[in-house]
Amino acid sequence: MDYLSHLNPPQREGVENLEGPTMIIAGAGSGKTRVLTYRIAHLITVKNVDPFSILALTFTNKAAKEMRERIEKIVGTDARNLWMGTFHSVFARILRAEADKLGYPSNFTIYDTEDSKSLIRAIVREMGLDDKVYKQNVVYSRISGAKNNLVSWQNYMNNSVYVSEDEQAQKPKMGAIYKEYVQRCFRSGAMDFDDLLFNTNVLFRDHLDVLNKYQQRFKYVMIDEFQDTNISQYLITKRLSAVHQNICVVGDDAQSIYAFRGANIQNILNFEKDYPDLRVIKLEQNYRSTQNIVNAANSVILKNAAQLKKNVWTQNDDGELVHLIKSTSDNEEGRLVASSIFEDKNNKKLENKDFAILYRTNSQSRAMEEALRKSNIPYRIYGGLSFYQRKEIKDLLAYLRFTINHNDEQSFRRIINLPKRGIGASSVDKIVVSAFENDLGIWDVLQKSQRILPNRAANAVDNFVTLIKSFKIRIARADAYDTAAFIAKQSGLLKELYDDKTIEGLNRYENVQELLNAIKEFVDDEQQEDKSLEAFIADVALLTDADNEDKDSNNDHVNLMTIHSAKGLEFKHVFIVGMEEDLFPSQMMLNSRADLEEERRLFYVALTRAMEKVTLSYALTRYRFGRLKNCEPSRFIEEIDPTYIKVDRKFNRSEPMGNLNNGSGSSVYAKNLVAQRKTERKAVPPGKKLHTPSPDFAPSDTRSLDTGMKVEHPKFGFGEVKKMDVEGANRKATIEFENFGEKTLLLTFAKLRIMEN
DNA sequence: TACGCCATGTTTTTT
DNA sequence: ACATGGCGTA
């Protein structure tokens, strides 16, 4: 096989040794994906293994898709038959096939995080508990943590550790909420993300015939990004590969960055115990980055106590030193990065897509976007609010979901009064409570709504039921696109959005059309055999918009994303912005040594994305919650061996800060920001424009507002800003309007257009 | 029941 | 800065 000649000895060992348990410890940039790709190709072409019996689990859908394409280039269309995908998507597929064994319908709904949290919130209220004590985020992560450790609600309530922890935290009802949540999901015919893994474990534990079937089927099991798997995931694969023992995991403990989600480095250590005859292969030569970048990254990760022994090295040139730039504000940081990109593009003949701007939190994208837009540099934001998480999209999806699964409580709550049908919160509560008390599904209760609801509401519910039934009939006869378009129209959703002529409304309408287009595409896809709505809906909850890219003709843009979503990617130049204490490392990760080490690994991941150049950047002031805050440079900057870093100016950690302009915004920048739309951190819908137009009136960018400025208000007309005030967390502007006199407006709500002066 | 006004909390990361 | 939900009014 000619591809073998491109490999170094350990890489080759990883490709050629196909039998028995194998662990490949792959340092950053060591050609891990290449090894995995060739390994699978080798199985098919040399060992004549049927692709149907190969299971390859990846971290993202995108990674799976890319790998499949690369394999297809070597082995041809056979690659389509591989079982390849994320844990969640592969096991959702298996769970649908075996759902009856668990008492679930095969068309069960998948709840995303938002669905789960809102269900938790509803439960907490119904139980008469304080939702300030039982915060949905806290309860959710507690339940999620338990599920990922395979602790059922029964085990949870009997476990003295959990129970006493909850009592200590003054949250004794946690177990009861967990129980109710699980039962409600079950009755709704719904699984959340963690259930997909938890229930797969239950399936394989309690139905040995099923387990045996899949054990026989999957002769070879491979796991990418093994360092980011949790116990639940690990046990699934351990069970699956128990017969053939052909399990190969690939990972790098230094890049484990998902412990917060239950990922467990311990898995790597346990692996050696579980498979005594394990073959361990280390890929240590880095092909991606320059000498300086590799050395800088190594010097950082060295500060972590918990790690496997590994020596990442490279033969590449020294390259440039890591640059460090300092700005006075987040906006200036954006401008410096933008102009640096502009220069490098000219000087080094680079394209936009060679650059990535990485940050710790999604909210940091705003300043970068503004600066890039002003410099006319095309950019693309990855992650952030997904297309599929937008309200209007979720609304239509809820209709589709409910039509397929009539018991889905969360979808029901979304659509029962959308558009308004006169069914208010009290009616909804009655329906849900009645379902709960009689141990019925939502749909059963809806059929008999006149027993529990007053006439008017009951009639409205009857109409709703008839509507859904008409959708159901359509599903049986038409493909996904026809049905979805029919539902969008008949439900009244499209009309409601169409009638909304505001800019936001137009956008929403377009987004819904975009979803319909996506469904059309799905139907037209020749590789797609099942064109039913059910087939389309099945995996929608597992999609992120990272899966939707690449369709644009214009692919040359600067990449903006969080460090987490940069995992597995590489770029020539990488900017790591917001290198400030409390931001990176995050304030919330300073509580334990383990947390801080995870942040350090995150920094390591960021550094090692770069092929040629890394620029670190920090700002002395930054907006947070709309207020200007002082910042200190991150401790991580000092952790880089100074040999490999070039500081713009003398770097001084406790340098005194400049003048703070607190609250009312800075007039320096004000002049530049004229009636500019607040940055909407929205995902670019598939195949859509990169920039959004400016509306006439949008909630004002309050940072740009200052005394003396002329503004226009949709109701009060023209006026001049007289005074800016801060009261608590709110900022107010006193404005003298030409026709209405002086008004004091809360800037949070004021819709102002700032006139050029 | 629907709607408008405003108080409050949130931002750590994602399948 | 923004979303969310509570509360009062129509």
Side-chain angles (χ1 to χ4, degrees), chain A residues 57-64 85-92 110 112-114 117-118 121 125 131-132 135-137 141 144 148 192-194 196-197 225 228-230 232-233 257-263 358-366 382-386 389 391 417 419-428 454 456-457 460 539 541-544 546-547 561-567 578 582-590 595 598-599 601-602 605-606 623-627 665 678-681 698-703 727-732 745-750:
Chain A
L57 297 162
T58 59
F59 194 73
T60 61
N61 295 311
K62 191 180 163 210
T86 61
F87 273 90
H88 291 86
S89 66
V90 166
F91 293 112
I110 298 174
D112 66 16
T113 313
E114 192 192 332
K117 285 182 181 170
S118 95
R121 196 158 189 280
R125 287 184 182 187
D131 60 7
K132 299 236 165 50
K135 290 185 186 160
Q136 47 175 350
N137 286 328
S141 58
S144 173
N148 285 329
D192 66 17
F193 286 144
D194 304 316
L196 295 174
L197 308 173
E225 309 282 9
D228 288 322
T229 55
N230 58 40
S232 182
Q233 291 167 318
I257 53 176
Y258 281 95
F260 74 93
R261 216 176 77 190
L358 307 183
Y359 34 77
R360 179 68 233 271
T361 70
N362 278 306
S363 61
Q364 287 168 259
S365 69
R366 184 204 50 94
Y382 292 78
L385 192 57
S386 151
Q389 287 171 298
K391 182 185 175 302
N417 204 25
K420 301 270 184 293
R421 300 175 225 281
I423 304 171
S426 64
S427 297
V428 173
R456 228 172 64 187
D539 286 337
L542 301 174
L543 292 181
T544 57
D547 306 322
M561 68 190 85
T562 62
I563 303 169
H564 281 90
S565 38
K567 188 170 80 156
D582 289 352
L583 184 59
F584 190 26
S586 162
Q587 192 177 9
M588 312 188 81
M589 294 294 262
L590 298 177
D595 281 352
E598 173 150 318
E599 291 287 287
R601 290 192 296 270
L602 194 57
V605 168
Y623 280 96
R624 248 189 129 194
F625 299 140
R627 319 294 307 282
K678 71 186 145 66
T679 318
E680 197 176 7
R681 200 190 341 110
S700 37
D701 186 334
T702 54
R703 279 159 298 134
E727 191 183 292
N730 297 317
R731 276 175 294 154
K732 298 176 166 183
L745 301 178
L746 207 54
L747 288 181
T748 325
F749 306 109

Q) Going from CG on Asn148(A) to CZ on Arg261(A), what distance comes out if it is rounded to the nearest 0.5 angstrom? A) 8.5 Å
Distances under 3.5 Å between protein N/O atoms and the N/O atoms of nucleotides 1-3 of chain B, please, pair by pair.
residue: dT1(B); atom: OP1; partner: Ser426(A); partner atom: OG; Å: 3.3
residue: dT1(B); atom: OP2; partner: Gly424(A); partner atom: N; Å: 2.4
residue: dA2(B); atom: OP1; partner: Gly422(A); partner atom: N; Å: 3.4
residue: dA2(B); atom: OP2; partner: Asn417(A); partner atom: ND2; Å: 3.2

Q: Take Leu590(A) and Asp595(A) through the side chain to side chain contact (heavy atoms under 4.5 Å, CB included) test and state the conclusion after the steps.
A: CA-CA 6 Å; Leu590(A) 298 177; Asp595(A) 281 352; over 6 Å; no
Please pick, from [options], the nucleotide with the shortest atom-to-atom distance to any side-chain atom of [X].
X: Ser565(A); options: dT14(B), dT11(B), dT15(B); answer: dT14(B)
X: Thr562(A); options: dT14(B), dG9(B), dT11(B); answer: dT14(B)
X: Met588(A); options: dT12(B), dT10(B), dT14(B); answer: dT12(B)

Mind checking if [X] touches a base, just sugar-phosphate, or nothing, with heavy atoms under 4.0 Å?
X: Phe59(A); result: sugar-phosphate
X: Lys135(A); result: sugar-phosphate
X: Asp112(A); result: nothing
X: Phe584(A); result: nothing

Q: Provide the distance between the two P atoms, one in dT4(C) and one in dT13(B), to the nearest whole Å.
A: 16 Å
Rounded to the nearest Å, what distance is computed from the [atom1] atom of residue [X] to the [atom2] atom of nucleotide [N]?
X: Met589(A); N: dT12(B); atom1: CE; atom2: P; answer: 11 Å
X: Asp192(A); N: dT14(B); atom1: CG; atom2: P; answer: 18 Å
X: Leu196(A); N: dT14(B); atom1: CG; atom2: P; answer: 19 Å

Q. So, Phe625(A) and dT10(B): ring centres less than 5.5 Å apart, planes less than 30° off, yes or no?
A. yes
Q: Return the stacking result for dT15(B) and Phe87(A): yes when the ring centres lie under 5.5 Å apart and the planes under 30°, no otherwise.
A: no
Q) Can you name the ring pair (Phe, Tyr, Trp, His ring centres under 6.0 Å) partners of Phe193(A), sequence neighbours left out? A) His88(A)
Q. Taking only residues two or more places apart in sequence, or in another chain, which ones meet His564(A) in a ring pair (Phe, Tyr, Trp, His ring centres under 6.0 Å)?
A. Tyr258(A), Phe260(A)
(Q) Quick check on dT13(B): is either OP1 or OP2 less than 4.0 Å from any side-chain nitrogen or oxygen of Asn362(A)? (A) yes
Q. Using a cut-off of less than 4.0 Å, is there contact between a side-chain N or O of Asn137(A) and OP1 or OP2 of dT11(B)?
A. yes
Q) How far apart are the closest heavy atoms of Leu542(A) and Ser89(A), and which atoms are they? A) CD1-CA, 3.6 Å
**Q.** Partners passing side chain to side chain contact (heavy atoms under 4.5 Å, CB included) against Thr361(A) (at least two apart in sequence or in another chain)
**A.** Ser363(A), Gln364(A), Leu583(A)
[Y] and [X], any side-chain heavy atoms less than 4.5 Å apart:
X: Arg125(A); Y: Asp131(A); value: yes
X: Asp192(A); Y: Asp112(A); value: no
X: Leu197(A); Y: Phe87(A); value: yes

(Q) I want to confirm an ordering. Mapping His88(A) and Arg624(A) to their closest nucleotides on DNA chain B, which one lands closer to the 5' end? (A) Arg624(A)
Close N/O contacts between protein and nucleotides 6-8 of chain C (under 3.5 Å):
residue: dG6(C); atom: OP1; partner: Arg125(A); partner atom: NH1; Å: 3.4
residue: dG6(C); atom: OP1; partner: Arg125(A); partner atom: NH2; Å: 2.7

(Q) Under the rule for side chain to side chain donor-acceptor pair (under 3.5 Å), what residues qualify as partners of Asn417(A), not counting sequence neighbours? (A) none
